[in-house]
Visitor: 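Structure provided below as structure tokens; questions to follow.
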Amino acid sequence: MYLKRNSNSNHFAIIFLFLFLVCFISCKVKDDGKDGKGFVTITIPDKNDKITAEQFDSIFEYNRYIIPEISDSSMLGKINKVYLIGDTLFVMHGSQFITSYDSNGKYIRNYSHIGQGPGEYPVLNDMDIKEGFIYILSGNKIYKYTTDDRFMGTINLENASKGLSVIPSGIALNNGFAYANESTKDNYSYSFKGKEQNFNQIPFNPIMTGLSYSFNGQTGKFFESKDGVFTFFPYNDTIYQLDMDKGKLKPLLDIKIGTSKRNITHYATQEEITSIQNSTAPDIINAPYMWDDKLLFGYVSDRPKIALVSFEGKVIANGFLGLDSKKLPITFIDLHDNPDNKEVLSIIPSDFVQAIASNADNLRDSPLLRELSEKMSEESNPVFVFYKIKI
């Protein structure tokens, strides 16, 4: 007597084992938002080419400028973020201040509330302005004010974050290298505090926990276009788009500058991390603008540069900037504005203006430079120069 092997049972067992392994592995993989769909890589040659004034003028057109009034209450420090809401300019500067001006640069008010009392915060990490309210991120709390500076309350967070974006379905948080959940010590760069659910995404290497960084004040912030809200993270050269309904991030573009990405994976060793940090690869992008199918951003290798690319991977412009045709230097910073305006912002320190104006040829060739030099002294606030996008 013998037992006959049941081949169908073996097949079922193999299938069951396969499905179990797939489930086990997928459950172990952290959600980095990269599902491989709609994910485009753009390679930017790290060149020392100069973008000429003629090339610049073929892409951008000078529109206007604002010189913010200066006084004891309105002196601007290091500028980290700028909003243009209607005719009002809101400037986040230093680690404590938000100052507003009208369209002529006249001082309106200062929103600083540094302290430990009700409605006060210890430090200013980021801000957002939506529907007539100013949301101030400070550590693990969000403080809500009206634009006429009435305190409306606080929102408690599970962790300290670097950047925020308030959308209809909740609050998006860029954590940098902080814990996304102090109780479990999960390491995620992104958290969403939703009206219906909270969740984390984009894991980072635990070795990086607590690392501070600063890339021109832009990393950790969200930027907006008419197509939505976007963000990116240090040592992760991917730009992610925010799902406005669900709060989830999905990768949109992968930016590779030069011969290598400056990307630290979740599984990199300390030796690999140190090697990447010590490399000469360009730092993460800053001052991004997105419109139609194009992306403009700044980056730094041996000097500050800009790149303008299409989503199909075409590099339209790439290199360092000198002066535009009006003899003005270009220093882009992200502008939160009505996306339909298609404007970019360059902020020029007053001493830069005076230095360039000291050249008689520059003054002769540029009535605008002469006008600015006559209105500004070396103690003035910087001038905000707005350009229209032509392409």
Visitor: Using a 4.5 Å cut-off on heavy atoms from C-beta on, say whether the side chain of Leu252 contacts that of Val40.
Guide: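 Contact flag for Val40/Leu252 side chains = no.
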
Visitor: Decide yes or no on side chain to side chain contact (heavy atoms under 4.5 Å, CB included) for Leu295 and Phe311, but give the supporting numbers first.
Guide: CA-CA 7 Å; Leu295 172 68; Phe311 287 2; 4.2 Å; yes

Visitor: Checking Leu328 against Ser346 for the side chain to side chain contact (heavy atoms under 4.5 Å, CB included) test, could you report, in this order, the C-alpha distance in whole Å, the side-chain angles of both residues, the deciding distance, and whether it holds?
Guide: CA-CA 10 Å; Leu328 299 181; Ser346 175; over 6 Å; no

Visitor: Tell me, which pairs form a ring-ring contact (aromatic ring centres under 6.0 Å, His included) where one or both residues lie in residues 333-386, sequence neighbours left out?
Guide: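 For residues 333-386, and leaving out neighbouring residues, the ring-ring contact (aromatic ring centres under 6.0 Å, His included) pairs sorted by first residue read Tyr83-His336.
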
Visitor: Determine whether a donor-acceptor pair (N or O, by modelled atom type, separation under 3.5 Å) exists between the side chain of Lys388 and the backbone of Asn341.
Guide: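 Pair found, side chain donor or acceptor close to backbone of Asn341.
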
Visitor: Find out whether Ile42 and Ile44 are in side-chain contact, i.e. whether some heavy atom of one side chain is under 4.5 Å from a heavy atom of the other.
Guide: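 Ile42 reaches Ile44 side chain to side chain.
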
Visitor: Would you confirm whether Asn362, through its side chain, and Lys327, through its main-chain N or O, come within 3.5 Å as a donor-acceptor pair?
Guide: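 Here the side-chain-to-backbone pair does not exist.
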
Visitor: Please identify each residue that fulfils side chain to side chain contact (heavy atoms under 4.5 Å, CB included) with Phe151, with sequence neighbours left out.
Guide: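 In terms of side chain to side chain contact (heavy atoms under 4.5 Å, CB included), with neighbours along the sequence ignored, Phe151 is linked to Tyr143, Tyr145, Thr154.
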
Visitor: Counting C-beta onward and ignoring hydrogens, is there a side-chain heavy-atom pair between Leu369 and Leu363 closer than 4.5 Å?
Guide: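 Side-chain contact under 4.5 Å: yes.
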
Visitor: Below 4.5 Å, heavy atoms only, C-beta onward: do Lys305 and Asp49 meet side chain to side chain?
Guide: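 Of all side-chain heavy-atom pairs linking Asp49 with Lys305, none is under 4.5 Å.
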
Visitor: Parallel, tilted or perpendicular: which fits the ring planes of Phe97 and His93, with parallel below 30° and perpendicular above 60°?
Guide: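 Answer is parallel, since the angle falls under 30°.
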
Visitor: Going by atom types only, do Asp148 and Thr146 share a side-chain donor-acceptor pair under 3.5 Å?
Guide: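 On atom types as modelled, these side chains qualify, holding a pair under 3.5 Å.
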
Visitor: Quick one: ring-ring contact (aromatic ring centres under 6.0 Å, His included) pairs with a partner in residues 44-66, sequence neighbours left out?
Guide: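 Residue pairs passing ring-ring contact (aromatic ring centres under 6.0 Å, His included), neighbours aside: Phe56-Phe60, Phe56-Tyr387, Phe60-Phe332.
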
Visitor: Return the set of residues passing salt bridge (Lys or Arg N to Asp or Glu O under 4.0 Å) with Asp361 (not counting sequence neighbours), or none when no residue passes.
Guide: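 Checked Asp361 against salt bridge (Lys or Arg N to Asp or Glu O under 4.0 Å); matches are Arg364.
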
Visitor: Any side-chain to backbone donor/acceptor pair from Asn338 onto Asp340? Under 3.5 Å, distance only.
Guide: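 Indeed, once roles are kept as given, a pair shorter than 3.5 Å links the two residues.
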
Visitor: Under a 4.0 Å threshold between the charged nitrogen and the carboxylate oxygen, would Lys250 count as salt-bridged to Asp243?
Guide: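 So Asp243 does not pair with Lys250 through a salt bridge.
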
Visitor: Mind checking what makes salt bridge (Lys or Arg N to Asp or Glu O under 4.0 Å) contact with Lys246, not counting sequence neighbours?
Guide: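 Once residues adjacent in sequence are excluded, Lys246 has no partner under the salt bridge (Lys or Arg N to Asp or Glu O under 4.0 Å) criterion.
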
Visitor: Validate the cation-pi geometry between Lys248 and Phe199: distance from NZ or CZ to the six-membered ring centre under 6.0 Å, angle to the ring axis within 45°.
Guide: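 Yes, Lys248 sits over the ring of Phe199.
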
Visitor: Please step through side chain to side chain contact (heavy atoms under 4.5 Å, CB included) for the pair Tyr240 and Asn174, ending with a clear verdict.
Guide: CA-CA 11 Å; Tyr240 294 86; Asn174 189 316; over 6 Å; no

Visitor: So which heavy atom on Asn200 is nearest to which on Ser191, and how close?
Guide: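 For Asn200 and Ser191, the tightest heavy-atom pair comes out as OD1-OG, 2.8 Å.
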
Visitor: Check whether any side-chain N or O of Lys81 sits under 3.5 Å from a backbone N or O of Asp128 as a donor-acceptor pair, and report yes or no.
Guide: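 No, Lys81 side chain to Asp128 backbone: no donor-acceptor pair under 3.5 Å.
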
Visitor: Find out whether Ile114 and Tyr121 are in side-chain contact, i.e. whether some heavy atom of one side chain is under 4.5 Å from a heavy atom of the other.
Guide: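 They are in side-chain contact.
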
Visitor: Any chance the side chains of Asn175 and Ser161 put a donor and an acceptor closer than 3.5 Å?
Guide: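 Yes, a side-chain donor-acceptor pair sits under 3.5 Å.
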
Visitor: Check whether any side-chain heavy atom of Ile239 sits under 4.5 Å from a side-chain heavy atom of Phe223, and report yes or no.
Guide: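 Yes, their side chains come closer than 4.5 Å.
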
Visitor: Do the side chain of Asn80 and the main chain of Gly94 share a donor and acceptor less than 3.5 angstrom apart?
Guide: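 Yes: the side chain of Asn80 pairs with the backbone of Gly94.
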
Visitor: Heavy-atom count check: over 12 atoms from other residues, nucleotides or ligands less than 6.0 Å from Lys130 NZ?
Guide: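 Count over threshold, so yes.
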
Visitor: What are the two closest heavy atoms between Tyr135 and Lys144, and how far apart are they?
Guide: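 It is OH-CE, 3.5 Å.
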
Visitor: Okay, side chain of Tyr289, backbone of Leu345: is any donor-acceptor separation there less than 3.5 Å?
Guide: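 Answer holds: yes.
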
Visitor: Looking at Gln116, is its backbone amide N or carbonyl O close enough to the side chain of Glu120 to form a donor-acceptor pair, meaning the two atoms are under 3.5 Å apart?
Guide: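 Present.
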
Visitor: Under a plain distance cut-off of 3.5 Å, with no hydrogens placed, do Gln354 and Ser358 share a side-chain donor-acceptor pair?
Guide: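 There is no such pair between these side chains.
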
Visitor: Mark yes or no for whether Gln241, through its side chain, and Asp227, through its backbone, hold a donor-acceptor pair below 3.5 Å.
Guide: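 Answer holds: yes.
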
Visitor: Show the numbers, then the answer: is there a side-chain hydrogen bond (donor to acceptor under 3.5 Å, both in side chains) between Glu271 and Ser275?
Guide: CA-CA 6 Å; Glu271 183 179 358; Ser275 175; over 6 Å; no

Visitor: Taking salt bridge (Lys or Arg N to Asp or Glu O under 4.0 Å) as the definition, give me every residue that meets it alongside Arg64, ordered by chain and number, with sequence neighbours left out.
Guide: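 Salt bridge (Lys or Arg N to Asp or Glu O under 4.0 Å) check on Arg64 returns Glu343.
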
Visitor: Flag the pair Asp292 / Lys226 as yes when at least one side-chain heavy-atom distance between them is below 4.5 Å, and no otherwise.
Guide: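 Of all side-chain heavy-atom pairs linking Lys226 with Asp292, at least one is under 4.5 Å.
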
Visitor: Check the pair Asp126, Met92 against side chain to side chain contact (heavy atoms under 4.5 Å, CB included), reporting the backbone distance first and the verdict last.
Guide: CA-CA 8 Å; Asp126 195 15; Met92 172 182 160; 4.2 Å; yes

Visitor: Looking at every non-hydrogen atom in both residues, tell me the closest pair between Ser100 and Thr88 and how far apart they are.
Guide: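 Heavy atoms only, the tightest pair is CB-CG2, 4.1 Å.
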
Visitor: Look up atom OG1 in Thr331 and atom CD1 in Ile306, then write down how far apart they are to the nearest 0.5 Å.
Guide: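 One gets 11.0 Å once the value is rounded to the nearest 0.5 Å.
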
Visitor: Decide, yes or no, whether a salt bridge links Lys326 with Asp324 under the criterion of side-chain N to carboxylate O below 4.0 Å.
Guide: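 A salt bridge is absent here (no side-chain N lies under 4.0 Å from a carboxylate O).
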
Visitor: Any idea which heavy atoms bring Ser225 and Phe230 closest together, and the distance?
Guide: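 Residues Ser225 and Phe230, closest heavy atoms: OG-CE1, 3.3 Å.
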
Visitor: Does the side chain of Leu76 come within less than 4.5 Å of Tyr101's, by heavy atoms?
Guide: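 A side-chain contact under 4.5 Å exists here.
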
Visitor: Flag yes if more than 12 heavy atoms outside Glu312 fall under 6.0 Å of its CD atom; otherwise flag no.
Guide: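 Enclosed.
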
Visitor: Which heavy atom of Ser169 sits nearest to which heavy atom of Met244, and what is that distance?
Guide: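 Taking every non-hydrogen atom into account, OG-O, 2.8 Å.
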
Visitor: Quick check on side-chain contact (heavy atoms from CB on, under 4.5 Å): which of Leu124, Asp149, Asn110 does Ile98 satisfy it with?
Guide: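 Exactly one option meets the side-chain contact (heavy atoms from CB on, under 4.5 Å) with Ile98, and it is Leu124.
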
Visitor: If I compare all heavy atoms of Glu69 with all of Tyr107, which pair ends up nearest, and what's the gap?
Guide: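 That would be OE1-N, 2.8 Å.
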
